[in-house]
Amino acid sequence: MRATQLPLFTQKEDPKDAQVVSHKLLTRAGYIKKQASGFYVFLPFGWMVHRKIEEIVRKNMNKYGAVEVHLPILTPAELWEESGRWNAMGAEMMRLKDRHAAGFALGPTHEESITWLAKQYLQSYKQLPVNYYQIGVKYRDEIRPRYGLIRCREFVMKDAYSFHIDEKSLDETYQKMRECYRDIFNECSLETLSVEADSGAMGGSGSEEFMVASAIGEETLLLCSDDKNCGYRSNQEKTPFVPAENYPVEKNEKTPKRKDTPNVKTVDEVADFFKVDKKQFIKTVIYENSESIILVFIPGDREISEVKLKNILGVAELEMASPEAIEKVTSAAVGFAGPFDLPVKENEEIIINKNKKKIIFLYDEKLKGRGNLISGGNKTDMHYINLQEGRDFIISKEFIDLVTAQDLDLCPKCKKNKLKGTRGIEVGHVFKLGKKYTEALNVTVLDKLGKELIPTMGCYGIGVGRTLSTIVEQSYDDKGIIWPESVTPFKYYLIGIFNNDTDKKEIEALYEKMIANNMSVYFDDRDERPGIKFNDADLTGFTLQIVAGKNYIKNKVIEIKNRKSGEKTEISESDFLSKEKS
RNA sequence: CGGGAUGUAGCGCAGCGGUAGCGCACCUGUUUUGGGAACAGGGGGUCGCUGGUUCAAAUCCAGUCAUCCCGACCA
């Protein structure tokens, strides 16, 4: 391809709305262009890279036995209603109506769709296992799109869904997909970390994310500092909390006492007021959903993990309780709740805004057996001191972990070494879905004995655009992008240096020979000064640059520059053409 | 959804009551040509949109839309 056919869209200045390197460089080098918040045009080079990544994904998926299909992007509401996700997906799902007022959603994911398909065709155990995948557009109305392609509202995802007769079969495919993903990211020259993850709103068990370590990552990962022997890695959402120092178990004789604490609300203020460690405080956080009001009690020095909380409750949606609800449940203003002397009892039903809601208490296990605790007084501007677990409040459910683990906590696997925190961008996810969707949509197959059974599912996703931009995040310099050969738009950027038509014709002949040789080459045949071409070649970042100038005209010698190493080699045209012949 | 900021030429910005500008990019010509050329000439904007104030609005006021940042769970 020639520059005069496929023009460059490079620019010198960073777009003002870009924050991260990949967004800036991909825009400056003319790969992508934002059309609206979270929506991007892929320009010719950008689409070439995108297609190459898709091909790598497709090749490997096929290699590992998956089969490609295409599902409609616009999905009917009934499917979502059957799975219960029409409501559960919330505002993230983009919805619309057709002319008959029938509801549709622009698919944010396709579990329902594929399960529907499975129901149409799967009847016998002989057809299983099967792994369907597609590479298609997804829509998610993100609260805040950002970082260019890393978090946008329309994006291409490879999503695969497997169906199995039993756990064993599911695990086999799951392990294959993990290998497949490793192959895919290796082929893209993308360094990834795989971490244990939560399976989130999708439900299910067994879940691993493929992460690219990056300061701009939106996920926090916790890794065991002994990577060699232990090697534990997980998403912070999922990491069990093992404190480096145990919380003191003690008994106090003194009885609870209410103290005046005007304007002392936050844990820090309370700890300061009573001159005690934050660990001695019971933090009370009150949540609410359509059925219940949930009072959560955890040690004052830590944060609640909403993911763990949702999993324990088995719900997808949870909100902080409204001030009205809090006042009703604690008879105090927001900020003074505690487990002792509450006006409500566990499992009691109360009416809030005409809705009946059940009261649920959840205590973190780290409060078990502890004394000399302080909590809110369930009265505005008051706190209780001298609280004792087992006497003033009782933890009946054992081993509930509600705390977010963090940097420097103990590794939950080896329980010897400390965890180390790092940020990551999720580019792939594999997980065991279970029977949630096959049950909801009533999918059954007959087993060997002619008995009906519900297949279990696995689910495997890769964000293509996100993979593309994380490659750039990992591979650039102050001049521009540096593409690995596997995804570069063209392998060679041919810089023609000429100042008359005769010389230009010579270089054109070189280009024609390369094309005849089946080489992937982009010929910068513009009538521009050399400096412009060198800079555009660096910015666009094709793997190898070929300079054909005076030395070529005179001696038929070309110069090859490796974009990554900067290394230059000179080689005669004939050697080059014969050596590089594909 | 709450707080903040910004909308002026393709891109990046200045102007902030009285003729709409600069740099880059673009077009023409001449000289140049191995790391973003010089000179000369030229094209391009209902100043986000709507309404108001004023003799006069890019500029002041109100509303609205869009974009970006921070937060939206740690009481």
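Letters go in sequence order (proteins before strands), and every chain restarts at 1.
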Mate of [N] where both pairing distances stay under 3.5 Å, Watson-Crick or G-U:
| N | answer |
| --- | --- |
| B:C1 | B:G71 |
| B:U28 | B:A40 |
| B:G21 | B:C13 |
| B:U6 | B:A66 |
| B:G45 | none |
| B:C60 | B:G52 |

Say you pick atom [atom1] in [N] and the same atom in [M]; how far apart are they, in whole Å?
| N | M | atom1 | answer |
| --- | --- | --- | --- |
| B:G45 | B:C11 | P | 14 Å |
| B:C47 | B:C16 | C1' | 12 Å |
| B:A72 | B:C13 | C1' | 33 Å |
| B:C65 | B:G35 | C1' | 45 Å |
| B:C24 | B:A62 | P | 38 Å |
| B:A75 | B:G12 | P | 41 Å |
| B:A9 | B:G48 | C1' | 14 Å |
| B:C74 | B:U59 | P | 40 Å |

For [X] and [Y], take the angle between the two ring planes, folded into 0 to 90°, and tell me which bin it lands in: parallel under 30, tilted 30 to 60, perpendicular over 60.
| X | Y | result |
| --- | --- | --- |
| A:Tyr247 | A:Phe241 | perpendicular |
| A:His383 | A:Phe281 | tilted |
| A:Trp47 | A:His50 | parallel |
| A:Tyr522 | A:Phe542 | perpendicular |

Of the nucleotides [options], which one has an atom closest to the side chain of [X]?
| X | options | answer |
| --- | --- | --- |
| A:Lys12 | B:U67, B:C24, B:G34 | B:C24 |
| A:Lys561 | B:C68, B:C73, B:G35 | B:G35 |
| A:Pro530 | B:C74, B:G34, B:G35 | B:G34 |
| A:Val267 | B:C1, B:A25, B:A75 | B:A75 |
| A:Ser37 | B:G35, B:C69, B:U67 | B:U67 |
| A:Lys16 | B:C73, B:C68, B:G12 | B:G12 |
| A:Asp538 | B:U33, B:G35, B:G34 | B:G35 |
| A:Asn551 | B:A75, B:G34, B:G35 | B:G34 |

If you look at every strand shown and take non-hydrogen atoms under 4.0 Å, does [X] touch a base, only sugar-phosphate, or nothing?
| X | result |
| --- | --- |
| A:Phe498 | nothing |
| A:Glu559 | base |
| A:Ile326 | base |
| A:Thr284 | base |
| A:Asn499 | base |
| A:Ile495 | nothing |

Whole angstrom is fine here: how far is it from [atom1] in [X] over to [atom2] in [N]?
| X | N | atom1 | atom2 | answer |
| --- | --- | --- | --- | --- |
| A:Phe9 | B:A25 | CZ | C1' | 13 Å |
| A:Asp527 | B:C27 | CG | P | 11 Å |
| A:Asn535 | B:G34 | CG | C1' | 12 Å |
| A:Lys278 | B:C74 | NZ | P | 14 Å |
| A:Lys479 | B:G36 | NZ | C1' | 8 Å |
| A:Lys308 | B:C74 | NZ | P | 18 Å |
| A:Ile532 | B:C26 | CD1 | P | 7 Å |
| A:Gln545 | B:G35 | CD | C1' | 11 Å |

State whether A:Arg529 places a side-chain N or O below 4.0 Å from either non-bridging phosphate oxygen (OP1 or OP2) of B:A37. yes

Side-chain N or O of A:Lys34 versus OP1/OP2 of B:C68: is the shortest distance under 4.0 Å?
yes

Between the CG atom in A:Asp341 and the NZ atom in A:Lys379, the distance rounded to the nearest 0.5 Å is 9.5 Å

Point to revise | Heavy-atom check, side chain of A:Asp477 versus side chain of A:Arg563, under 4.5 Å | key: yes

For this session: Test for a donor-acceptor pair under 3.5 Å between the base of B:G10 and the side chain of A:Glu13, counting only N and O atoms.
Result: no

Quiz item: Could one point to a donor on the side chain of A:Glu528 or the base of B:G36 with an acceptor on the other under 3.5 Å away?
Solution: no

Of A:Lys366, A:Arg302, A:Lys420, A:Lys418, the one forming a salt bridge (charged side-chain N to carboxylate O under 4.0 Å, His left out) with A:Asp409 is A:Arg302

5'-most contact on RNA chain B (nearest-nucleotide basis), A:Gln11 vs A:Gly531, goes to A:Gln11

When A:Lys33 and A:Asp536 are each assigned the nearest nucleotide of RNA chain B, the 5'-most assignment goes to A:Lys33

*Aromatic contact, A:Phe45 with A:Phe9 (centres under 6.0 Å)*: no

A:Glu291 with A:Lys358: basic N within carboxylate O range, under 4.0 Å:
no

